[in-house]
**Student:** 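Before anything else, here's the structure in question.
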Amino acid sequence: MKQFMNFINGEFVASGKTFENRAPTDNSLIGLVHEAGAAEVDAAVKAARAALRGDWGRMSAAKRTEMLHAVADGINRRFDDFLQAEMADTGKPLSLASHIDIPRGAANFKVFADLVHNVPTESFRMTTPDGGTAVSYGVRSPLGVIAVVCPWNLPLLLMTWKVGPALACGNTVVVKPSEETPATATLLGEVMKAVGVPDGVYNVVHGFGPDSAGEYLTRHPGVSGITFTGETRTGEVIMTAAARGVRPVSFELGGKNAGIVFADANFEQAVAGIARSSFENCGQVCLGTERVYVQRPIFERFVQALKARAEALVIGPSTQPGVGLGPLISAEHQRKVLSYYERARAEGATVVTGGGVPEMPAALAAGHWVQPTIWTGLPETAAVVREEVFGPCCHVAPFDTVDEVIALANDTDYGLCTTVWTQDVSVANRCGQEIDVGLCWINSWFLRDLRTAFGGAKASGIGREGGVHSLEFYSELRNVMVKL
Ligand code: NAD
Ligand code: 6OD
């Protein structure tokens with residue numbers, strides 16, 4: 001039986017308490033996860049703190065960069081192991097995991113390792129009151145021990161997106177992967193060890209949130225800062241924990257993102273783009289589109305074309321040829337998504353396609369499958385138009401004017417992202433500047449440049465990561481004033 005152990009101070013550590021890790025595809029048992037209790041979390045934080053004072057703390061920035069490149073190369077060397085582990089834990093299609101999750105998992109180390117060398121700090125020269133001169137300059141130092149609390153939808157990508165810059169800035173980390181997806185964070189421990197990252201720099205504690213590793217870690221006084229990706233209401237709880245000791249937080253939270261298609265858009269590209277943003281990763285992407293607004297002249301045609309795309313998606317396990325839609329992560333999440341499917345119907349939706357569970361072969365019947373689903377005809381007050389479902393579904397509504405659609409897009413507590421499809425540069429830029437989100441994609445979706453700011457407005461997050469913004473969170477900027 002496969003065992004997913006905690007990784008503390010360079011060693012894999014068992015605990016007296018385990019829980020099952022099951023495959024979303026068929027509910028088969030993948031292995032047992034060793035849940036970290038308060039003692040294991042304390043040991044991990046202490047190891048991380050000690051490492052700050054050890055070889056890692058004394059390491060030159062150049063050597064650290066070399067080491068993080070070696071970590072990326074180590075992931076790439078074991079690409080297939082990471083791929084298999086991610087596919088087993090999530091059930092996502094091989095095409096997705098092999099093109100996005102694992103390559104980005106490696107790239108996150110290289111990009112930030114290189115970036116730290118290319119970001120300047122400020123320097124000022126001034127005349128002092130006695131007529132002399134002083135020069136001041138900034139230096140960045142690590143924040144300390146960073147708690148990295150992760151979700152299950154893009155496990156390696158989202159974890160390394162934070163671990164990469166945290167380590168590049170000289171911090172040490174304690175990672176709490178989602179209880180649903182323990183595998184790739186554990187595997188990364190093996191890579192860290194193999195390439196010689198000093199013990200205690202990268203630690204992993206497994207478990208749940210409340211009364212488990214997540215709570216013990218975020219409450220631990222030895223943690224200097226918390227970076228979290230997950231649900232908005234979990235963010236609220238973690239923020240309370242962070243208040244003790246006034247620890248900084250960086251939060252990437254939920255969304256209810258609008259996709260907007262103007263009548264002048266390249267029709268085929270817009271349909272393909274919205275199909276991707278609504279259904280990719282079985283709709284379990286925080287950046288996904290669950291509210292689609294289409295300009296009236298092309299509304300009916302668009303709905304029919306999106307329906308055709310949804311119905312053409314091959315539903316199945318990761319390695320089945322041509323598969324485009326995997327299962328949801330868990331039975332609990334499947335129940336949640338199906339309850340929204342029910343609610344949409346009860347609130348009067350026209351179900352354009354989907355709305356239930358697909359028929360699957362007997363071997364996969366215990367998996368957490370749902371049909372890609374499109375609704376029309378709901379008021380803006382309907383639950384599936386207001387609340388994050390996190391499933392392969394969207395509501396499509398018509399609109400007439402730019403003012404109207406910007407107001408519709410902004411009528412939400414969330415503010416993560418939007419995807420806008422138009423050929424009109426002025427309209428595109430109005431949307432980019434007037435929709436209250438952290439990220440606006442024009443004629444594209446999930447197109448990433450890791451040097452740019454990433455994060456959400458309103459209830460979708462606190463702070464920005466990416467490029468220099470990551471360095472700002474993961475380091476303390478000190479000012480040194482020299483009287484000459
Ligand atoms: P979640 O909030 O349930 O869990 C995320 C992590 O927090 C898990 O590791 C969990 O164990 C831990 N956790 C839960 N309660 C905790 C507590 N009280 N204290 C400490 N840790 C706790 O989220 P999820 O279901 O894993 O992920 C889906 C959610 O994440 C969606 O809302 C999605 O929009 C969001 N998300 C946002 C982004 C983004 O970039 N904005 C990216 C991915 C996912
Ligand atoms: O691409 C990224 O860096 C990122 N943070 C993606 C988030 C996806 C959410 O599900």
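For ligands, and for the atoms within them, numbers begin at 1 and follow the listed sequence. The basis for the numbers below is simple: all heavy atoms, side chains too, and nothing from hydrogens, waters or symmetry mates.
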**Student:** Answer side chain, backbone, both or neither: which part of Glu465 comes under 4.0 Å from ligand 2, heavy atoms only.
**Tutor:** neither
**Student:** Over 60° means perpendicular and under 30° means parallel, so classify the ring planes of Phe454 and Trp161, tilted if in between.
**Tutor:**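 Ring orientation, 0 to 90° scale: perpendicular.
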**Student:** Which protein non-hydrogen atom lies closest to atom 4 (C) of ligand 2, naming both residue and atom, and how far is it?
**Tutor:** Phe454 CZ, 3.5 Å
**Student:** Please work out whether any backbone atom (N, CA, C, O) or any side-chain heavy atom from C-beta onward of Thr232 is under 4.0 Å from ligand 1, and answer side chain, backbone, both or neither.
**Tutor:** neither
**Student:** Applying a 4.0 Å heavy-atom criterion (strictly less than), which segment of Leu416 is in contact with ligand 1: side chain, backbone, both, or neither?
**Tutor:**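 Side chain only; the backbone of Leu416 stays clear of ligand 1.
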**Student:** Would a line drawn from the ring center of Phe112 to the ring center of Tyr474 be shorter than 6.0 Å?
**Tutor:** no
**Student:** Applying a heavy-atom cut-off of 4.0 Å, say which part of Ala241 lies close to ligand 1: side chain, backbone, both or neither.
**Tutor:** neither
**Student:** If you measure from each non-hydrogen atom of Asn153 to ligand 1, which part falls under 4.0 Å: side chain, backbone, both or neither?
**Tutor:** side chain
**Student:** With a heavy-atom distance limit of 4.0 Å, tell me whether Phe208 approaches ligand 1 through its side chain, its backbone, both, or neither.
**Tutor:**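 For Phe208, only backbone atoms sit under 4.0 Å from ligand 1.
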**Student:** Is there side-chain contact between Pro248 and Leu143, with at least one heavy-atom pair below 4.5 Å?
**Tutor:** yes
**Student:** Under 4.0 Å from ligand 1, counting heavy atoms only, is it the side chain of Gln284, its backbone, both or neither?
**Tutor:** neither
**Student:** Side chain, backbone, both or neither: which part of Leu154 has a heavy atom under 4.0 Å from ligand 2?
**Tutor:**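 Side chain only; the backbone of Leu154 stays clear of ligand 2.
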**Student:** Which residue and atom name correspond to the protein heavy atom nearest atom 25 (O) of ligand 1, and how close is it?
**Tutor:**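 Of the protein heavy atoms, Trp152 NE1, 2.9 Å lies nearest.
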**Student:** Decide whether the shortest distance between a heavy atom of Gly461 and an atom of ligand 1 is less than 4.0 Å.
**Tutor:**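 No, Gly461 has no heavy atom closer than 4.0 Å to ligand 1.
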**Student:** How far is atom 1 (O) of ligand 2 from its nearest protein heavy atom, and which residue and atom is that?
**Tutor:**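 Nearest protein contact, heavy atoms only, for atom 1 (O) of ligand 2 is Arg448 NE, 2.7 Å.
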**Student:** Should Ile238 and Phe251 count as side-chain neighbours, where that means a heavy-atom distance under 4.5 Å?
**Tutor:** yes
**Student:** Quick one: does Lys193's side chain have a donor or acceptor within less than 3.5 Å of a partner on Gly10's backbone?
**Tutor:** yes
**Student:** Got the closest protein heavy atom to atom 7 (C) of ligand 2, with its distance?
**Tutor:**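 Ranked first by proximity to atom 7 (C) of ligand 2 is Leu158 CD2, 3.5 Å.
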**Student:** Determine, using heavy atoms of Phe251 and all atoms of ligand 1, whether some pair is separated by less than 4.0 Å.
**Tutor:**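 No, Phe251 has no heavy atoms under 4.0 Å from ligand 1.
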**Student:** Under 3.5 Å, is there a donor-acceptor pair between the side chain of Asn203 and the main chain of Ala47?
**Tutor:**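 No, because the side chain of Asn203 does not come within donor-acceptor range (under 3.5 Å) of the backbone of Ala47.
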**Student:** For the ring pair Trp445 and Phe279, is the centre-to-centre distance below 6.0 Å?
**Tutor:**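 They do not qualify: ring centres at least 6.0 Å apart.
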**Student:** Report the member of Thr218, Val148, Thr234 with the shortest heavy-atom distance to atom 1 (P) of ligand 1.
**Tutor:** Thr234
**Student:** Taking the six-membered ring of Trp441 as reference, does the cationic atom of Arg448 (NZ for Lys, CZ for Arg) lie under 6.0 Å from its centre and within 45° of its axis?
**Tutor:**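 Ring-cation test returns no.
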